[in-house]
Amino acid sequence: EPEVTQTPSHQVTQMGQEVILRCVPISNHLYFYWYRQILGQKVEFLVSFYNNEISEKSEIFDDQFSVERPDGSNFTLKIRSTKLEDSAMYFCASSSSGGRGETQYFGPGTRLLVL
Amino acid sequence: AQSVTQLDSQVPVFEEAPVELRCNYSSSVSVYLFWYVQYPNQGLQLLLKYLSGSTLVESINGFEAEFNKSQTSFHLRKPSVHISDTAEYFCALQGGSEKLVFGKGTKLTVNP
């Protein structure tokens, strides 16, 4: 069964450093999402992406964050200058067609620790 | 604003016992409701969803959830759990857009 994959599974970085989290969505999917879960808190929506454009973003997704689909298979989340509060589990998701009601398929997550 | 509340952070049960995981939501617009399950070291997987029609929805592995608009609830139930049901369960809604709004999750532990 096709699945969303994410790399790395764990990343440790120093505050102020740039990190890139990578995701390979399911191959025929066109809609992509990033969510994050700070330890002990809810899974929170960050951004949705379609046709090489951001469709929607949350208040969390400020200028420090960016997303890109650099080729036909990868979808990346970049944090330019990490802060301690960026420590979280980051989930990528994809769906075949966007819109309400469509199933979003999630990857296993990347656990980011900012020291 | 929309929100999802899962009051129980942990639910321990014995194998073959029934279980109910509670989910309440708040939204000023109509919602679609979802239950996702996360097994250890895996991503969130869709368990079931309510979009419209019958308020009782079922999954292939015996779970069911009932949409109750008057009580703004979408509780998840299973009449007899297995050890393999041990996982974390997330309730989520979609309101005016495709973004999912999640609850904090409930860790279900099924003991022999």
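Below, read A as the first sequence line, B as the second, and so on, with proteins coming before strands; counting in each chain starts at 1.
In this structure, A/L21 and A/W34 have side chains that are in contact, with non-hydrogen atoms separated by less than 4.5 Å. Using a 4.5 Å heavy-atom threshold, the side chains of B/L33 and B/F67 count as touching. The shortest side-chain heavy-atom distance between A/Y35 and B/L100 falls under the 4.5 Å cut-off. Using a 4.5 Å heavy-atom cutoff, the side chains of B/Q94 and B/V31 are not in contact.
In summary, the side chains of B/Q45 and A/Y105 do not present any donor paired with an acceptor at a separation below 3.5 Å, with no hydrogens or angles considered. B/N68 and B/S70 are linked by a side-chain donor-acceptor pair at a separation below 3.5 angstrom, with hydrogens and angles left out of the test.
Seen from the ring of A/F75, A/R69 does not count as a face-on cation partner, given the 6.0 Å and 45° thresholds.
Of the two parts of B/V4, only the backbone, made up of N, CA, C and O, holds a non-hydrogen atom closer than 4.5 Å to a non-hydrogen atom of chain A. Only the backbone of B/Q42 comes within less than 4.5 Å of a heavy atom of chain A; no side-chain atom from C-beta onward does.
Among the residues in residues 82-97 of chain A, those with a non-hydrogen atom closer than 4.5 angstrom to a non-hydrogen atom of chain B are A/F91. Among residues 59-67 of chain A, no residue has any heavy atom closer than 4.5 Å to a heavy atom of chain B. Of all residues in residues 46-53 of chain B, those placing a non-hydrogen atom less than 4.5 angstrom from a non-hydrogen atom of chain A are B/L46, B/K49, B/L51.
A salt bridge is defined here as a Lys NZ or Arg NE, NH1 or NH2 lying under 4.0 Å from an Asp or Glu carboxylate O, and A/R80 with A/E18 fails to meet this definition.
Between chain B and the options A/Q41, A/R100, A/K42, heavy-atom pairs under 4.5 Å are most frequent for A/R100. Looking only at heavy-atom pairs under 4.5 Å with chain B, the residue among A/E102, A/E56, A/Q37, A/E3 that has the most is A/E56.
Listed by chain and number, the hydrophobic cluster partners of A/L115 are A/V12, A/L113, where partners are ILVMFWY side chains within reach of under 4.5 Å, directly or through others.
In summary, the aromatic rings of B/Y36 and A/F106 are positioned with their centroids under 6.0 Å apart.
Shown are B/F63, B/Y39, B/W35; of these, the ring pair (Phe, Tyr, Trp, His ring centres under 6.0 Å) with B/Y89 is made only by B/F63.
The nearest pair of heavy atoms linking B/D8 to B/T106 is O-OG1, 2.6 Å.
No chain of hydrophobic side-chain contacts below 4.5 Å, direct or via other Ile, Leu, Val, Met, Phe, Trp or Tyr residues, connects B/L108 to B/L44.
Residue-environment remark: OH (B/Y25) exceeds the threshold of 12 foreign heavy atoms within 6.0 Å.
Distance SG/A/C23 to CG/A/L77: 10.0 Å, rounded to 0.5 Å.
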